[in-house]
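Working notes for the structure below.
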Amino acid sequence: MQTWLMKSEPDEASIDDLERAGRLPWTGVRNYQARNFMRDEFRLGDRVLFYHSSCPEPGIAGLAYVASAPYPDPTQFDANSPYFDSKSTPTNPRWLLVDVHFDRKTALLPLQALKEHPGLATLRILKRGNRLSITPVTDAEWQVLEGLLA
DNA sequence: GCCAACGTTGGC
DNA sequence: GCCAACGTTGGC
């Protein structure tokens with residue numbers, strides 16, 4: 001099973017929102033690399049580390065899993081959505097998403113703690129200039145994180 | 001609000 | 001296909 005780290009701004013969708021809903025469509029990905037991960041590499045049941053970004057306490061806030069195959073992100077067709085893309089059409093959609101299902105909340109594992117752990121030095125999200133909202137997490141990295149999130 | 005880093009756009 | 005300008009991300 002592959003593990004993914006997925007960033008969300010808690011103002012938009014937090015781990016609490018996901019817990020309430022049970023399952024949410026991961027709307028708003030507008031980066032081709034992140035889209036391609038969902039399209040080409042996501043599998044049902046893949047583990048998701050739910051990361052809160054652009055907020056007072058950035059860090060991993062919970063666990064979830066991939067709960068659908070990729071399908072077109074409906075917000076790209078909605079002229080009233082901030083994610084509207086005028087160049088995308090239903091017959092030729094640019095942007096995809098998957099549904100993500102709640103697993104559990106964890107004690108917040110802050111970005112600072114990720115940075116300080118030697119076993120996580122390779123974590124993609126810590127690389128300088130990283131901006132990808134979806135990044136793969138290696139098995140070795142997951143082993144470390146699993147311990148920290150226990 | 002600042003700023004580094006990166007992606008995208010569009011003229012040529 | 002180059003590359004400058006611009007927009008976005010996201011921690012601080």
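Order of the sequence lines sets the chain letters (A, B, ...), proteins ahead of strands, with each chain counted from 1.
- Contacts between chain A and DNA chain C, taken as any atom within less than 4.0 angstrom of a protein heavy atom, begin and end at C:dG7 to C:dC12.
- Within 4.0 Å (heavy atoms only), A:R128 reaches sugar-phosphate atoms of the nucleic acid but no base atom.
- Within a heavy-atom distance below 4.0 Å of DNA chain C, the residues of residues 109-127 of chain A found are A:L111, A:K115.
- Through side-chain heavy atoms spaced under 4.5 Å, either directly or across other Ile, Leu, Val, Met, Phe, Trp or Tyr residues, A:L126 is tied to A:L5, A:L49, A:Y51, A:I60, A:L63, A:L109, A:L111, A:L114, A:L120, A:L123, A:I125, A:V137, A:W142, A:V144, A:L145, A:L148, A:L149.
- Each ring-ring contact (aromatic ring centres under 6.0 Å, His included) pair with one or both residues in residues 7-30 of chain A, not counting sequence neighbours, appears once here: A:W26-A:F50.
- By the side-chain hydrogen bond (donor to acceptor under 3.5 Å, both in side chains) test, A:S81 is found to be paired with no residue, residues two or more places apart in sequence or in another chain being considered.
- Checked against side-chain hydrogen bond (donor to acceptor under 3.5 Å, both in side chains), A:E141 has the following partners two or more places apart in sequence or in another chain: A:T122, A:T138.
- Note on residues 41-61 of chain A: no pairs pass salt bridge (Lys or Arg N to Asp or Glu O under 4.0 Å), not counting sequence neighbours.
- Partners of A:D99 under the salt bridge (charged side-chain N to carboxylate O under 4.0 Å, His left out) rule, at least two apart in sequence or in another chain, are A:R23.
- Nearest heavy atoms, A:L97 versus A:P74: CD2-CD, 3.9 Å.
- Sorted by first and then second residue, the pairs that involve residues 91-123 of chain A and meet ring-ring contact (aromatic ring centres under 6.0 Å, His included), not counting sequence neighbours, are A:Y32-A:W95, A:Y65-A:H101.
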